[in-house]
Amino acid sequence: MWGTPRNQTGPRFVQDSGEVVAALERALADADEAERPGLERALAVARGARLSEHDLRARWLAQRLAAVGFTGDRDSVAAVRALRKAEPTLSLVEAVALLRPRKTP
C-alpha cells in the first residue's frame with residue numbers, strides 16, 4: 001500500500017465520496033415516494049462530507065497517533081516514532097513528511 005514512486009513521499013489520501021454521491025443519485029432517481037426523503041437526506045450528507053486532501057490527511061494522522069496512544073507534540077521525534085509504530089511500513093522520510101505541516105495554496 002505504501003509503495004510510491006521515488007519522487008513522491010507517503011500515502012495519497014483519496015476519498016470515494018464522489019462514488020457514494022453518484023450511487024445515491026442513481027438510487028434517488030429510481031426511488032418511490034416513501035424512500036425519497038431518506039435518500040435525499042443521505043445525498044445531502046454525502047455532498048457535505050467531502051473533505052480536502054489536507055483534512056483527510058489530518059484525520060488519518062490523528063487516528064494513527066491515537067491508536068498508539070500518542071498525545072504529545074507532533075513536531076517531535078516521539079511523534080515520528082509513534083507514527084511509525086502505528087504504520088510500520090512507513091519509512092522515516094515518509095513519517096517525517098506526513099507530520100510536517102503542508103502549506104495550503
Side-chain angles (χ1 to χ4, degrees):
M1 178 176 174
W2 300 112
T4 59
R6 290 182 190 180
N7 62 346
Q8 294 180 357
T9 301
R12 291 285 179 214
F13 297 94
V14 179
Q15 61 181 341
D16 60 0
S17 64
E19 292 176 28
V20 171
V21 168
L24 286 168
E25 287 171 340
R26 287 190 302 273
L28 185 58
D30 297 332
D32 62 35
E33 288 304 313
E35 295 174 315
R36 291 188 74 71
L39 286 169
E40 288 169 347
R41 186 170 171 203
L43 184 57
V45 169
R47 284 181 175 152
R50 293 182 182 179
L51 298 174
S52 67
E53 182 177 343
H54 172 76
D55 292 337
L56 286 170
R57 175 185 161 169
R59 185 169 64 183
W60 182 87
L61 281 170
Q63 289 170 345
R64 295 311 179 278
L65 293 174
V68 293
F70 182 79
T71 58
D73 181 12
R74 288 191 182 182
D75 192 25
S76 67
V77 172
V80 174
R81 281 191 201 122
L83 183 56
R84 291 188 74 205
K85 181 178 179 184
E87 291 293 333
T89 59
L90 285 177
S91 71
L92 178 60
V93 171
E94 289 171 330
V96 169
L98 284 166
L99 287 163
R100 199 176 288 152
R102 289 190 180 180
K103 296 177 183 174
T104 54

Taking every non-hydrogen atom, the tightest pair across A34 and P37 = O-CD, 3.7 Å
How many angstroms lie between CZ in R74 and CG in L98, if you round to the nearest 0.5 Å?
-> 11.0 Å
Look up atom CG in L39 and atom CZ in R41, then write down how far apart they are to the nearest 0.5 Å.
-> 12.0 Å
Is a donor on one side and an acceptor on the other found under 3.5 Å between the side chain of D32 and the backbone of E35?
-> yes
Can you tell me how far CD of E40 sits from CG of L28, rounded to the nearest 0.5 angstrom?
-> 5.5 Å
Quick one: pull up CG in L83 and CZ in F70 and give me the separation to the nearest 0.5 Å.
-> 9.5 Å
If only atom types and distance count, is the side chain of R84 paired as donor or acceptor with the main-chain N or O of L90 below 3.5 Å?
-> yes
Quick one: do L99 and L65 satisfy side chain to side chain contact (heavy atoms under 4.5 Å, CB included)? Show the steps, please.
-> CA-CA 10 Å; L99 287 163; L65 293 174; 4.2 Å; yes
To the nearest 0.5 Å, what is the distance between CG (L61) and CD (E87)?
-> 10.0 Å
Does atom CG of D75 have more than 12 heavy-atom neighbours from other groups under 6.0 Å away?
-> no
